[in-house]
Amino acid sequence: MTDQQRTGRPPRRPGPHLRSAAGAALLTAALAAGAAGCSGSSGGGSSDQQSSAPDQLAADPLTAVRSAADITGRTGSAHAGTELVTESADKKASFTGSGGYDYVKRIGRLEVQVPPGAATTGKIVEVVLPGTVYLQNSGAKVPEGKWVKLDVRQLPDGNLVSGGATDPASAAGALRGAQKADLVGTETVDGTPLHHYRGTLDLAKAADATGGRGGDGLRMGGQTFTVKEVPYDAWLDDQGRLHKVVEVFTFAGVAGSKEAKDQVKVTSTTSLSDFGKPVEAAEPAASDIYQMKPSESPK
């Protein structure tokens, strides 16, 4: 059990904690790239609770944003593109990924490209389920082709950023905690008119609205991030489906510090398309899971 599980508080040194066997090795990659302590659930559209939201865009901006995850989930699946950018006072690192999420089976798969100079080279393959993440090519100590299995409750950020991408379900699920929403305007993207909303969200409230294991990652992030009113931009179509969301997470790169120079900003962008198109994603076979010792680091 981690310190955070025992106490309910973020660990005193979030960087080393995430580099432990309970941590995501992509954080190590970001550190190696100079991201000053951080790199880079399931909630979006496939919650543990049923929603009665209609499959159309609500007139009220706040209702429209809060309903986006459930409406998107009822499409059955979506393909995704991700970008995660970490910025500290003098360092910056960028991760990009692609994949998709099956809202019926509640499983997604992403392939994430790590930045030059990172400890891990090539791409990280990530399979996400409510409350669980599998990582392949996560570090030098993990045999080639093997996977590391993590419970998102073992990660201070709930895998919202430490996997190098915010999984599509969690990115959408966070919008259930929207506290403010303003309609910025209408923009046409690839021939589709999209309604652009901007506001702030509360991850703790998003976790409560999502419920179950799907809310675990959101709840962990809500406890760890230093800015509780998370800024977001969201683009929805006339049916209320989420096409793009940008969320900005902030945490202390120096444990306990509230000084601006010690804060790390993580901008997470998730784009969704091809709604209803099949997504290939499956849990790794038990024989392919690498069992690390409690004191072992995957890097």
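Please read all numbers here as calculations on a predicted model, not as lab measurements. Positions are given from 1 along the sequence.
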So, [X] and [Y], do they make that salt bridge, N to O below 4.0 Å?
X      : Y      : value
Asp70  : Arg176 : yes
Asp102 : Lys277 : no
Asp55  : Arg74  : yes
Arg219 : Asp216 : yes
Asp233 : Arg198 : yes

Walk me through it: do Asp288 and Lys149 pass the test salt bridge (Lys or Arg N to Asp or Glu O under 4.0 Å)?
CA-CA 10 Å; Asp288 291 331; Lys149 180 180 180 180; over 6 Å; no
Does the plane of the ring in His243 sit parallel, tilted or perpendicular to the ring in Phe275? Use 30° and 60° as the thresholds.
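Correct class here is perpendicular.
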[atom1]/[X] to [atom2]/[Y] distance, rounded to the nearest 0.5 angstrom?
X      : Y      : atom1 : atom2 : result
Asp237 : Thr186 : CG    : OG1   : 11.5 Å
Glu144 : Tyr290 : CD    : OH    : 14.5 Å
Lys123 : Gln136 : NZ    : CD    : 9.0 Å
Arg241 : Thr72  : CZ    : OG1   : 8.0 Å
Leu135 : Ser162 : CG    : OG    : 8.0 Å
Leu201 : Leu218 : CG    : CG    : 9.0 Å

Mark yes or no for whether [X], through its side chain, and [Y], through its backbone, hold a donor-acceptor pair below 3.5 Å.
X      : Y      : value
Thr132 : Leu129 : no
Ser170 : Leu160 : no
Ser88  : Lys91  : yes
Thr82  : Gly97  : yes

With the 4.5 Å side-chain cut-off for hydrophobic clustering, are [X] and [Y] part of the same group?
X      : Y      : answer
Phe251 : Phe95  : yes
Phe249 : Tyr232 : yes
Val65  : Leu57  : yes
Leu194 : Leu236 : no
Val245 : Leu183 : yes

Could you check whether any side-chain heavy atom of [X] comes within less than 4.5 Å of a side-chain heavy atom of [Y], counting everything from C-beta outward?
X      : Y      : value
Gln179 : Arg66  : yes
Lys92  : Val85  : yes
Val125 : Arg109 : yes
Val230 : Leu203 : yes
Trp147 : Ile289 : yes
Ile124 : Glu111 : no
Asn159 : Leu150 : no
Asp151 : Arg213 : yes

Do Asp157 and Thr224 meet the criterion of a side-chain donor-acceptor pair at a distance under 3.5 Å?
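Short answer, no.
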Quick one about Glu283 and Tyr134 (side-chain donor to acceptor, distance below 3.5 Å, no hydrogens or angles considered), yes or no?
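Tyr134 vs Glu283: donor-acceptor pair found between side chains.
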Yes or no on ring pair (Phe, Tyr, Trp, His ring centres under 6.0 Å) for Tyr103 and Tyr101, after CA distance, side-chain angles and deciding distance?
CA-CA 6 Å; Tyr103 297 104; Tyr101 197 87; 5.1 Å; yes
For a quick test of reading the model, state the closest non-hydrogen atom pair linking [X] to [Y] and the distance between them.
X      : Y      : result
Gly163 : Glu126 : O-OE1, 3.1 Å
Ala174 : Glu247 : CB-OE2, 3.5 Å
Pro278 : Ser77  : N-OG, 4.2 Å
Gly215 : Ala207 : O-CB, 3.3 Å
Gly173 : Ala206 : O-CB, 3.7 Å
Val112 : Ala165 : CG2-CB, 4.2 Å

Once ring pair (Phe, Tyr, Trp, His ring centres under 6.0 Å) is applied, do any residues pair with Tyr197, and if so which ones, sequence neighbours excluded?
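Ring pair (Phe, Tyr, Trp, His ring centres under 6.0 Å) list for Tyr197, sorted by chain: empty.
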CD of Glu229: more than 12 outside heavy atoms within 6.0 angstrom?
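Open: at most 12 neighbouring heavy atoms sit under 6.0 Å from CD of Glu229.
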Show the atom names and distances, to 0.1 Å, of all donor-acceptor pairs under 3.5 Å that link a side chain in residues 261-269 to residues at least two apart or in another chain.
residue	atom	partner	partner atom	Å
Asp262	OD2	Ser257	OG	2.6
Gln263	OE1	Thr226	OG1	3.0
Gln263	NE2	Ser257	O	3.0
Gln263	NE2	Glu259	O	3.3
Ser268	OG	Thr166	OG1	2.7

